[in-house]
Protein chains: 2
Amino acid sequence: MNRRSSLQSKENIKKAALEAFSKYGYGGASMKMIAHEAGMSVGGLYLYFKNKEELYLFLIKEKLDEFSKTAENAFKIINDPVEAIVRYINISIEYAKKHKEFIITQSKEHGFTFGMEIKKKFFEEQKALILRIIKKGIENGIFKPFEPVEVAKVIMGLIRGFIISIVINPENIFDAKYCTDVILKGLLKEN
Amino acid sequence: MNRRSSLQSKENIKKAALEAFSKYGYGGASMKMIAHEAGMSVGGLYLYFKNKEELYLFLIKEKLDEFSKTAENAFKIINDPVEAIVRYINISIEYAKKHKEFIITQSKEHGFTFGMEIKKKFFEEQKALILRIIKKGIENGIFKPFEPVEVAKVIMGLIRGFIISIVINPENIFDAKYCTDVILKGLLKEN
DNA sequence: AATTCACATGAACAGACGTTCATCATTACA
DNA sequence: TGTAATGATGAACGTCTGTTCATGTGAATT
């Protein structure tokens, strides 16, 4: 079969590759199986991506950008820090549910040397975003006067854990509501 | 070189394998490099482990058991729920720092079909442990009357995130104190 | 109708992989 | 000293990998 639209073919490859990398990791996913899943030959892949590594990095970058845009857009219309935090957690969870295993794949294969700069940059951006929310909340007197940077780290950690939990325990997904409840109100009854 | 103690050789292999799997993942770590790092030949590995898969599963099981024992022992002498939660988080973090990347390796390679039963069992046990603490705290009137099961999930998620954060951002490790502060006291100033 | 061009193929290649096994070296015991 | 037994070797094997490339095909252009 040939003479398909070039755009469609690339889209097919991306979809197949994302699935394969997510399921089997970088080493475990073979170019042959990606090609097969994309409905084309091995050679065809190399018309669209220089090699396996480039294909992998392309996917990482695409997904991270996707998330960044969604998150930033959401905050353009939110002023309340509480709502912002709740919203950010919800966006993160939706994203995680959508991309499941691939998220973990990203943070592991090849001992982080792989696409490290891209990921580092992404995490820095996200931390800055949360930090802005926290600072605002503290300034407004809504949040307790914790150290903002440390709180931002904790929130990021919580979200990461949330995402990992979804991937590890997909049959036991927990509601974001409880998550936000705990960080906002705290476990203790009285201070 | 030969006629080493069998025990020492096995120990060398375990150490080398843990390092290799942690750095490069299951697919990325080769038997040749494990053998080399252990100071022996490839064939030698097969005197102690049936194959690569068995070696990998052995390591997973060993590390999880190690952690379970540490956690359980700690709680034998603690009655205060607050102290117990703080302690559990600290133990988890210490463990994570010690084994870094291997923890992530465990939750990913081969799409979870790998050693899944072992991990599932481990997580169930840990959740039960946390649940016990939370329930006690609520019964004693120390914790807010949240849904205990959901809170346990959130706590587990937080810890997982903490661990992942340590691995992703080793140069930016955050203090466990802030973590426990946030979950115990909450962000909001007034309810 | 002839030519060009984008898209696609899959056998072929070199290298790496996990695993096996005939062989060897050292120790323990007879 | 001779004989098992234990621990270790690494070349060899078959399989799979990522990548290349000579070849093919159908649509668009001339």
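Computed from a prediction, not measured in an experiment: that's the story for all the values here. These numbers come from the heavy atoms of this one structure, side chains and all, not from hydrogens, waters or symmetry mates. Residue numbers begin at 1 in each chain, while the letters A, B, ... track the order of the sequences.
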In terms of side-chain heavy atoms of Val42(B), which of dC7(C), dG10(D), dA8(D) is nearest? dG10(D)
When we call it a touch if two heavy atoms are under 4.0 Å apart, what does Ala35(A) touch: a base, just sugar-phosphate, or nothing? nothing
Note: for Gly44(B) and Gly43(A) on DNA chain D, the residue whose nearest nucleotide lies more 5' is Gly44(B)
Any sub-3.5 Å donor-acceptor pair from Tyr26(A)'s side-chain atoms to Glu53(A)'s backbone N or O? yes
Side chain of Lys52(A) only, heavy atoms from C-beta on: which candidate in dT19(D), dG18(C), dA8(C) is closest? dT19(D)
Nearest-Å distance for atom pair CG/C1', residues Leu47(A) and dT23(D): 14 Å
Strictly below 4.0 Å: does Ser6(A) bring a side-chain N or O up to OP1 or OP2 of dC7(C)? yes
Length of the line joining Ile13(A):CD1 and dA8(C):C1', which is rounded to integer Å: 11 Å
From CG of Leu7(B) across to P of dG7(D) the rounded distance in Å is 9 Å
Given dA16(C), is OP1 or OP2 found less than 4.0 Å from the side-chain N or O atoms of Ser30(B)? no
Roughly how many Å is it from CE in Met31(A) to P in dT19(D), rounded to a whole number? 6 Å
From NE2 of His36(B) over to P of dT9(D), roughly how many Å is that when rounded to an integer? 12 Å
Rounding to a whole Å, what distance do you find between Gln8(A):CD and dA6(C):P? 20 Å
Give the rounded distance in Å between these two atoms: OH of Tyr24(B) and C1' of dC17(C). 16 Å
Does a side-chain N or O from Tyr48(A) land closer than 4.0 Å to OP1 or OP2 of dA8(C), or not? yes
Presence of Ser9(A) side-chain N/O under 4.0 Å of dC7(C) phosphate oxygens OP1/OP2: no
Using a strict cut-off of less than 4.0 Å between a Lys/Arg side-chain nitrogen and an Asp/Glu carboxylate oxygen, indicate whether Glu117(A) and Lys121(A) qualify as a salt bridge. no
Could you tell me if Asn90(B) and Glu94(B) have a donor-acceptor pair between their side chains, going purely by distance under 3.5 Å? no
Run the side-chain contact (heavy atoms from CB on, under 4.5 Å) test against Ile183(A) and tell me which residues pass, sequence neighbours left out. Ile89(A), Ile155(A), Leu158(A), Val182(B)
With a distance cut-off below 6.0 Å to the six-membered ring centre and an angular limit of 45° from the axis, does Lys185(A) pair with Phe146(B) as a cation-pi contact? no
Check whether any side-chain N or O of Tyr46(A) sits under 4.0 Å from OP1 or OP2 of dC21(D), and answer yes or no. no
Tell me: CG of Leu45(B) to C1' of dG10(D), nearest whole Å? 12 Å
